[in-house]
Amino acid sequence: MKIATWNVNSVKARLPRVLEWLDEFKPDVALLQEIKTEDHSFPALEIETLGYKIATHGQKSYNGVAILSRHPMAITQTGLPGDDTDDHARFLEAIISPEDTSITPVRVATIYLPNGNPSQDETGAKSDKYRYKLKWMDRLIKHTEKLLKTDEAFVLGGDYNVCPTDGDVYDPRAFANDALCRPETRMRFRTLLNLGLTNAFRVFNNQPNVYSYWDYQRGAWAKDNGLLIDYLLLSPEAADRLLDAGIDKKPRGREKASDHTPVWCTLAPGI
DNA sequence: ATGGTTGCGTAGCAA
């Protein structure tokens, strides 16, 4: 089973790129972030034509996440638990159950973790945005602890807005105080991994300076000034089935590209 | 050079 995550930066502005990528890459499951549209205005017909079922947790103008699946899926969670006042659409979870019963079902979540910048306010204290990010990460840790108790195969994929190490940033010194790199951010990401999750890409590639995001500004793509912030984190039961993982840089090089490129993994049908 | 680019929505925010 091929599972991919991609921050598309507006599904409507990106529709030709998304359709072309689905057609050529043919993921079984695509976890999308920053669809930047409400559920009713998601371009469903074009994507369904390619054989995908669609689940969305949309929002006007900002955020918004979606799951596309070639297999039957059932939504298990809309929005990240733990704060009823949080109205950002950043989390959607479903169980993917292939009709071929020789393939063990997989729970997936699409995650758009808050950016958190600027990390400080005028007084030098943590900004409201950064505080929101850190609380969101604490909630994700709590929810993951709950999921791990089920002993199921699951994949938490998305734009984590975290550079776990200096090797994941093109200019670590310039980003030292960035909300993606601050120690408080990195500590929480390690806490998440230390619950027992596996970063799929890092099983197969330990090189530094491999990226999934390049800013639109200052010729970042041409200069390979990027960040690695998109991940597929696997439960032990999913990691046991991990066959391969990678980053597909092609979509970032095209006309009207998203600033992120897809990250993918393949899982064996079962053990 | 304190800039630059993209998307949403049509001003200014978010990234």
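In what follows, chains are A, B, ... by sequence order, proteins preceding strands, each numbered from 1. Here the structure is a predicted model, which means the values were calculated and not measured.
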- side-chain contact (heavy atoms from CB on, under 4.5 Å) partner of A/L234, the single match among A/L156, A/N199, A/L197, A/L267: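 Among A/L156, A/N199, A/L197, A/L267, the one that satisfies the side-chain contact (heavy atoms from CB on, under 4.5 Å) with A/L234 is A/L267.
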
- Pick from A/T185, A/N115, A/L113: which one makes a side-chain contact (heavy atoms from CB on, under 4.5 Å) with A/L180?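 Exactly one option meets the side-chain contact (heavy atoms from CB on, under 4.5 Å) with A/L180, and it is A/N115.
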
Roughly how many Å apart are [M] and [N], using the [atom1] atom of each and rounding to a whole number?
N	M	atom1	answer
B/dA11	B/dT6	C1'	16 Å
B/dA14	B/dT10	P	15 Å
B/dG9	B/dG3	C1'	24 Å
B/dC8	B/dT2	C1'	26 Å
B/dA15	B/dG4	C1'	13 Å

- Query: Taking the six-membered ring for Trp, are the ring centroids of A/Y160 and A/Y112 within less than 6.0 Å of each other?
  - Reply: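 Judged by ring-centre distance (under 6.0 Å), A/Y160 and A/Y112 do not meet the cut-off.
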
- Item | ILVMFWY network linking A/L193 to A/L232, side-chain heavy atoms under 4.5 angstrom |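 In one cluster: yes.
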
- Task: Would you grab the first and last nucleotide of DNA chain B (5' to 3') that comes under 4.0 Å of any non-hydrogen atom in chain A?
- Result: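 That gives a stretch of B/dG4 to B/dA15.
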
- Message: Distance to the ring centre below 6.0 angstrom and angle to the axis at most 45 degrees; does that hold for A/K36 and A/Y62?
- Response: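 No, cation not above the ring by the 6.0 Å, 45° rule.
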
- Using a cut-off of strictly less than 4.0 Å between a heavy atom of the residue and any atom of DNA chain B, enumerate the qualifying residues of residues 112-123 of chain A by number.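 Within this stretch, A/Y112, A/N115 sit under 4.0 Å of the strand.
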
- Item | With A/K250 via side-chain hydrogen bond (donor to acceptor under 3.5 Å, both in side chains) - residues at least two apart |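 Expected list: A/D248.
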
- For the residue pair A/Y231 and A/F189, categorise the inter-ring angle as parallel (less than 30°), tilted (30 to 60°) or perpendicular (more than 60°).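 Judged by the thresholds at 30° and 60°, the geometry between A/Y231 and A/F189 is tilted.
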
- Fit a plane to each ring of A/F25 and A/W21, take the angle between them on a 0 to 90° scale, and name the class: parallel (under 30°), tilted (30 to 60°) or perpendicular (over 60°).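 It falls in the parallel class, under 30°.
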
- 5′-ward residue of the pair A/R218/A/E34 relative to DNA chain B: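 Closer to the 5' end of DNA chain B: A/R218.
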
